[in-house]
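Here the structure is laid out as structure tokens; the discussion comes afterwards.
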Amino acid sequence: MKNKLNFLLILSILANATLGFLLFSNNLVKAKLLLMRQFGFLAPETAPAMESIVLLQDYKPISLLNNQDTRKLKLPSFPVFETHGHLFKAKPEEISKQLTELGIKKFVNLSFTTGEDFQKMKSEFSDPRIIHFSTFDWEKLSRANFADEILISLTKDIQNGTKGIKLWKNFGLNLKKFNGERLRIDDPALDRIFEECAKANLVISIHTADPAAFFLPIDKTNERYEELVRHPEWAFSSSEFPSLKTVLEERNNRFKRHPNLKFVALHFGEYANDLASAEKLLTENPNVYLDIAARIDELGRQPYKTKAFLTRFSDRILFGVDGPPDRGKLEVYSRFLETTDEYFDYHPDHKPRKGFWKIYGLGLDKSTLEKIYYKNAEKLYK
Ligand SMILES: [Zn+2]
């Protein structure tokens, strides 16, 4: 009995010592080097300074590739028509100053406002370079006659000078009707509303779904794992949401139903990682445009295909960086579109990383650049 107890005591001391040893991972490195030397391998006597455990969210390697942005002028070479702007918490005078400084000739404010809020925003930001969009009055969804009510709000916004409608990703994913059902983008109840938009020559800027990775389980195979752990609210993999394929199909039905209405499928129509589908969308729907906002990360990791695509569909691609005027973003986007620089960050320092990769410049020709930077938008918003 006593022997048994002694044995257990020794075992427990050994286990604790091993655990303590393993807790300091540098010990493992030292042990490994010692072992290697014992077997005659060339291994240093002093263990290298090493952070042997780095949290994934802290891992930000600095590339040693000599690939500085050597452009004298780092902003776009042409005037810019920002088609995916937002003016949250911005000061009107500040914005006007920035538009001038950054060479932004027009700025589409994709606001989420309607009614009085829309009017207020429009009069506050009265710079003639700003084009204001309103949104559908989704609060009316709680009533059975929501389509009539939304139509009334829309008519007012049109009278108040809206140039288009901004629709956000909640439409199609989790906006609910009065009866608790998910509001599908192709719900026939909305047909009249979209037809009214066509009559008023509005442009519909629609953000549908999100990157494909956000619809997959957040596990070791997910290429946006670290980002989704930071932003679990962006995950749509649970059964309360429809699949990515379903939402995009419902949206595409809407595009087909209104050939006289112009749609901008924001964020490259969520096909930036799947250019074959993007090609199908543009070929089948002459009324649809794509913007590159917040998707140069996807486009720039397949530069050969993207260059061919943007050149072929140069009349259907719009420029936008998503958000208020931003010098850092303009520098990165113009580097991507204009140069053939390789392996650089798709985000300025003040914006977080998405997937763990870098991008390559496209070196587009002058005519394609001009169309993307402003000419296509000038035609669309005239
Ligand atoms: Zn946006």
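Along the sequence shown, residues are numbered consecutively beginning with 1. Just follow the structure's listing: the first ligand is 1, and inside any ligand the first atom is 1. Every heavy atom of this structure was used, including side-chain atoms; hydrogens, water molecules and symmetry mates were not.
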* Assess His84: does it contribute an N, O or S atom lying under 2.8 Å from the Zn ion (ligand 1)? =>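 Short answer: yes, at least one N, O or S atom is under the cut-off.
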
* Contact flag His86/the Zn ion (ligand 1), N/O/S atoms, threshold under 2.8 Å ->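 Of the N, O and S atoms in His86, at least one lies under 2.8 Å from the Zn ion (ligand 1), which means yes.
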
May I ask you to decide if the ring planes of [X] and [Y] are parallel, tilted or perpendicular, using 30° and 60° as cut-offs?
X      : Y      : answer
Phe118 : His132 : perpendicular
Phe112 : Phe88  : parallel
His207 : Trp168 : perpendicular

* Phe107-Phe125 aromatic ring centre distance below 6.0 Å -> no

* Report the name of the N/O/S atom of Asp322 located nearest to the Zn ion (ligand 1). => OD1

